[in-house]
Amino acid sequence: MQPFTKHVIAIISRIPSGHVMTYGQIAALAGSPRGARQVVRILHTQTRAHKLPWHRVVNAKGEIALQEDLARMDQRMSLESEGVHVTALGTIDLEQYQYWPDPESI
DNA sequence: GCCATGGCTAGTA
DNA sequence: GCCATGGCTAGTA
């Protein structure tokens with residue numbers, strides 16, 4: 001496993017309940033500003049093994065990025081149960097909910 | 001080759 | 001809309 005992958009896993013696992021981070025933000029913090037798509041892949045492959053809070057990751061516009069209706073519903077329910085408000089269109093107010101880890105902890 | 005991205009343009013109103 | 005991006009994985013040699 002690459003350092004980038006480990007880093008991404010560590011960052012995602014530390015997103016607190018009630019907050020979200022974006023793919024690009026995670027990639028940049030992990031040292032690869034253009035690596036947003038890799039974050040997608042890592043979420044796919046590593047969520048189970050590491051019990052990642054996959055539902056706390058959204059796209060740069062603050063939207064639920066999933067395509068499938070059932071999965072979108074799952075993410076919406078998970079976020080709302082943590083107190084994150086999701087609009088009818090599936091968007092989250094990043095101003096309010098985006099998490100910025102303490103740079104010291106990275 | 002794949003993408004649950006992202007950022008920049010073209011083209012409408 | 002469009003397409004450059006880039007680490008990872010599947011699948012061939």
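Reminder, nothing fancy here: chain letters follow the sequence lines and each chain counts from 1.
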Trainee: Determine yes or no for a side-chain-to-main-chain donor-acceptor pair under 3.5 angstrom, with Ser13(A) supplying the side chain and Ile9(A) the backbone.
Mentor: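 Indeed, once roles are kept as given, a pair shorter than 3.5 Å links the two residues.
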
Trainee: Closest-nucleotide mapping onto DNA chain C: is Thr45(A) or Gly35(A) further toward the 5' terminus? I mean the 5' end.
Mentor: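 So the residue in question is Gly35(A).
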
Trainee: Nearest 0.5 Å, please: how far is CG in Leu52(A) from CD1 in Ile42(A)?
Mentor: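 Answer for the CD1-CG pair, Ile42(A) versus Leu52(A), is 9.5 Å.
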
Trainee: To the nearest 0.5 Å, what is the distance between OH on Tyr99(A) and CZ on Arg14(A)?
Mentor: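 It is 8.5 Å, given to the nearest 0.5 Å.
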
Trainee: Hey, which of these two, Gln46(A) or Arg34(A), hits DNA chain C nearer its 5' end, going by closest nucleotide?
Mentor: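 Mapping each residue to its closest nucleotide by heavy atoms, the 5'-most match is Arg34(A).
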
Trainee: Any side-chain donor-acceptor pair under 3.5 Å between Gln2(A) and His7(A)?
Mentor: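 On atom types as modelled, these side chains do not qualify, holding no pair under 3.5 Å.
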
Trainee: Could you state the interatomic distance from CD (Gln98(A)) to NE2 (His19(A)), rounded to the nearest 0.5 Å?
Mentor: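 Those atoms lie 11.0 Å apart.
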
Trainee: Looking only at non-hydrogen atoms, find the nearest pair between Ala30(A) and Ile11(A) and report the distance.
Mentor: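 Heavy-atom minimum between the residues: N-CD1, 3.8 Å.
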
Trainee: Can you sort out which residues in residues 15-24 of chain A have a heavy atom within less than 4.0 Å of DNA chain B? Ascending by number, please.
Mentor: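 Tyr23(A), Gly24(A) - these, ordered by number, are the residues of the stretch whose heavy atoms sit under 4.0 Å from the strand.
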
Trainee: Using chain A heavy atoms and a threshold of under 4.0 Å, write down where along DNA chain C the contacts begin and end, 5' to 3'.
Mentor: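 Result: dA4(C) to dT9(C).
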
Trainee: Quick check for you: to the nearest 0.5 Å, what is the distance between Ser17(A) atom OG and Arg56(A) atom CZ?
Mentor: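 Between Ser17(A) OG and Arg56(A) CZ, I get 4.5 Å after rounding to 0.5 Å.
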
Trainee: So which heavy atom on Ile64(A) is nearest to which on Gln75(A), and how close?
Mentor: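 Where Ile64(A) meets Gln75(A) most closely, the heavy atoms are CG2-OE1, 3.3 Å.
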
Trainee: For the atom pair NE2 (His85(A)) and CZ (Arg76(A)), what is the distance rounded to the nearest 0.5 Å?
Mentor: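 Reported value, rounded in 0.5 Å steps: 8.5 Å.
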
Trainee: Val58(A) or Arg41(A): which one's nearest nucleotide on DNA chain B is closer to the 5' end?
Mentor: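 Its nearest nucleotide lies further toward 5', so the answer is Arg41(A).
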
Trainee: As a test of your reading of the structure, name each stem of DNA chain B as range with range, where a stem is three or more consecutive Watson-Crick or G-U pairs at under 3.5 Å.
Mentor: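 So the stems come out as B:1-3 with C:6-8, B:5-8 with C:1-4.
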
Trainee: Which value, rounded to the nearest 0.5 Å, describes the distance between Ile12(A) atom CD1 and His50(A) atom NE2?
Mentor: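 Spacing of CD1 (Ile12(A)) from NE2 (His50(A)) equals 10.5 Å.
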
Trainee: At 4.0 Å (heavy atoms only), tell me whether Leu43(A) reaches a base, stays on the sugar-phosphate, or touches nothing.
Mentor: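 It contacts base atoms.
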
